[in-house]
Amino acid sequence: MPGPARLVVLVSGSGTNLQALIEAVADPVYGAEILAVGADRDGIAGLERAERAGLPVFVHRVKDHGDRADWDRALTASVAGYEPDLVVTAGFMKILGPGFIEAFAGRIVNTHPALLPSFPGAHGVTDALAYGVRVTGCTVHLVDAGVDTGPIIAQGVVEVHDADHADGGEALQERIKTVERKLLVDVVGRLAREGHRIEDRKVWIPA
Ligand code: GRF
């Protein structure tokens, strides 16, 4: 029997999705282990969570590299060093470079706080709210060369309440994140245990 799937997780912020994965992998039945956590910035709660869990961390800030291509090479090399089966971008707020995407093609899993293909980009929650949608949610998808354009694996739906317009989307974001954490843990576990294939934008995970 093959061992647990090897994960590297990339974060930029509070790391609550990372925390959910840390808790999930504690159960051997889940079928995955986190080898390391990478970030594009220092001083974030996401890295503290990783350190508290005893996980190796690495940071590559764009500004510490000559240009974006150098940053991409450094990030790719750090992640590749762990020989991951899957890379999970969990609130990683940088667009991955072409080298990175090629190195881990079809194996990068991202979570986005809106129902793609609507409201891609960095402001998915507030863009959906401003548009006036009545339902929004989250999307777990594979990463391709575009921004939030890769094949969709799973989506979760969250209703928008009238009151959500009063607080700038804060409460809505928290409701989305609650659904998102469960969805991400579920999808990553299924990918880890069952594998997947991609056919004409559809992601198939054996039942
Ligand atoms: C998530 O909602 C993710 O979809 C978005 O940023 C948030 C990250 O949250 N891109 P956290 O850092 O996992 O708490």
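Each ligand, and each atom within it, is numbered from 1 in the order the structure gives. Numbers for residues simply follow the sequence, beginning at 1.
- At a threshold of 4.5 Å between non-hydrogen side-chain atoms, the residues Glu199 and Trp204 count as touching.
- Distances from atom 4 (O) of ligand 1 to the heavy atoms of Glu174, His112, Glu180, Lys177 show the closest one on Glu180.
- Between Gln173 and ligand 1, no N or O atom pair is found at a separation short of 3.5 Å.
- With salt bridges taken as basic N to acidic carboxylate O contacts below 4.0 Å, none links Asp186 and Arg181.
- Under the 4.0 angstrom criterion for non-hydrogen atoms, Gly46 is not in contact with ligand 1.
- Partner of Ile108 under the side-chain contact (heavy atoms from CB on, under 4.5 Å) criterion, out of Thr89, Leu10, Val88: Thr89 alone.
- For Thr111, the heavy-atom gap to ligand 1 drops under 4.0 angstrom.
- Salt-bridge formation is not detected for the pair Arg107/Asp85: no Lys NZ or Arg NE/NH1/NH2 atom is positioned less than 4.0 Å from an Asp or Glu carboxylate oxygen.
- Protein heavy atom in closest approach to atom 12 (O) of ligand 1: Gly15 N, 2.7 Å.
- Every atom of ligand 1 is numbered from 1 in the order shown, and the set under 4.0 Å from a heavy atom of Gly91 is 6 (O), 8 (C), 10 (N).
- At a threshold of 4.5 Å between non-hydrogen side-chain atoms, the residues Leu116 and His141 count as touching.
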